[in-house]
Amino acid sequence: MVAGISGFRDQYIRGRVPSADLLHRWADEENFVWLYSEDVLAEYKEVLKRLQVRSATIGSLINFIRERGEAIEIRSSTEISPDPKDDAFCICAEEGRADFIFTLNPRDFPQSRLKAKVIQPAPIGRR
């Protein structure tokens, strides 16, 4: 998601940033469901703030995800990822029965411990 946001810093150009293409398709076409939990949203906020994204932009993005995404109530706590901050995403995917996890960092999403297929956003035309 963070890489996708960076693709919107300038004018959006289809095919330039695969992560931005993914966000654009979700926002415009709603061709997949974005699962989120409160821990996932907190991580988005923290990372975007650290990258000095304006607070108003962060708030708009979080509100958009809440409006269009599907909230997952987390009932368990487990260590799945080698990066503890990515556990929120892994747990959300597992409890939400996600089909896919899109990430530019697949090493923190061990496929052997997840039911969702871990994939990287691909450039348009390479899906």
Side-chain angles (χ1 to χ4, degrees):
M1 194 270 306
V2 174
I5 294 296
S6 71
F8 289 98
R9 286 185 187 206
D10 300 318
Q11 180 182 11
Y12 170 69
I13 299 173
R14 185 175 185 246
R16 185 175 61 182
V17 178
S19 296
D21 292 338
L22 181 68
L23 287 176
H24 195 269
R25 282 196 322 270
W26 173 68
D28 282 354
E29 301 168 20
E30 296 186 55
N31 58 358
F32 62 91
V33 177
W34 189 313
L35 304 179
Y36 70 90
S37 68
E38 291 304 314
D39 288 342
V40 165
L41 294 181
E43 180 66 12
Y44 287 155
K45 289 178 198 176
E46 179 184 320
V47 171
L48 292 169
K49 185 176 180 179
R50 188 171 60 237
L51 295 173
Q52 299 180 343
V53 173
R54 291 187 334 230
S55 294
T57 302
I58 295 170
S60 294
L61 176 65
I62 296 302
N63 289 340
F64 192 69
I65 292 170
R66 284 183 194 279
E67 178 183 312
R68 290 279 206 57
E70 182 178 321
I72 302 301
E73 187 176 325
I74 303 303
R75 293 182 170 89
S76 69
S77 175
T78 185
E79 293 179 6
I80 296 173
S81 174
D83 180 349
K85 290 191 174 199
D86 286 332
D87 279 332
F89 299 94
C90 294
I91 294 167
C92 182
E94 290 297 288
E95 293 200 12
R97 296 187 176 134
D99 294 318
F100 300 98
I101 296 175
F102 288 96
T103 181
L104 293 177
N105 190 17
R107 71 179 178 271
D108 284 345
F109 296 86
Q111 187 64 73
S112 63
R113 300 191 69 201
L114 295 163
K115 292 177 185 152
K117 184 173 179 174
V118 179
I119 58 177
Q120 295 186 33
I124 290 178
R126 294 189 192 168
R127 289 183 185 84

Quiz item: Where does the angle between the aromatic ring planes of Phe100 and Phe102 fall among parallel (under 30°), tilted (30 to 60°) and perpendicular (over 60°)?
Solution: tilted
Tabulate below the donor-acceptor pairs under 3.5 Å that side-chain atoms of residues 104-119 make, not counting sequence neighbours, or state none.
{"residue": "Asn105", "atom": "OD1", "partner": "Arg107", "partner atom": "NH1", "Å": "3.2"}
{"residue": "Asn105", "atom": "ND2", "partner": "Asp108", "partner atom": "OD2", "Å": "2.7"}
{"residue": "Gln111", "atom": "OE1", "partner": "Val118", "partner atom": "N", "Å": "2.7"}
{"residue": "Gln111", "atom": "NE2", "partner": "Leu114", "partner atom": "O", "Å": "3.4"}
{"residue": "Gln111", "atom": "NE2", "partner": "Ala116", "partner atom": "O", "Å": "2.9"}
{"residue": "Arg113", "atom": "NH1", "partner": "Glu79", "partner atom": "O", "Å": "2.9"}
{"residue": "Arg113", "atom": "NH1", "partner": "Ile80", "partner atom": "O", "Å": "3.1"}
{"residue": "Arg113", "atom": "NH2", "partner": "Glu79", "partner atom": "O", "Å": "2.9"}

Self-check item: Output field: ring centroids Tyr44/Phe89 closer than 6.0 Å
Solution: yes
Quiz item: What distance separates Arg75 CZ from Ser37 OG, expressed to the nearest 0.5 Å?
Solution: 12.5 Å
Quiz prompt | Gap separating the CD1 atom of Ile74 from the CD atom of Glu38, nearest 0.5 angstrom | solution = 10.0 Å
Quiz item: Any donor and acceptor pair, going by atom type alone, linking the side chain of Glu95 with main-chain N or O of Ser76 inside 3.5 Å?
Solution: yes
Exercise. Would you give the length of the straight line joining atom OG of Ser81 to atom CD1 of Ile91, rounded to the nearest 0.5 angstrom?
Key: 10.0 Å
Practice problem: Any chance you could lay out the side chain to side chain contact (heavy atoms under 4.5 Å, CB included) test for Asn63 and Ser60, step after step, and finish with the verdict? | Solution: CA-CA 5 Å; Asn63 289 340; Ser60 294; 5.8 Å; no
Quiz item: Roughly how far, to the nearest 0.5 Å, is CG of Leu61 from CD1 of Ile58?
Solution: 8.5 Å
Self-check item: Euclidean distance, Gln52 CD relative to Thr57 OG1, rounded to 0.5 Å
Solution: 13.0 Å
Quiz prompt | Distance in Å, Leu48 CG paired with Ser55 OG, rounded so as to fall on 0.5 Å steps | solution = 10.5 Å
Quiz item: Can you name the closest pair of heavy atoms from Asp39 and Ala88 and give their distance?
Solution: CB-CB, 3.7 Å
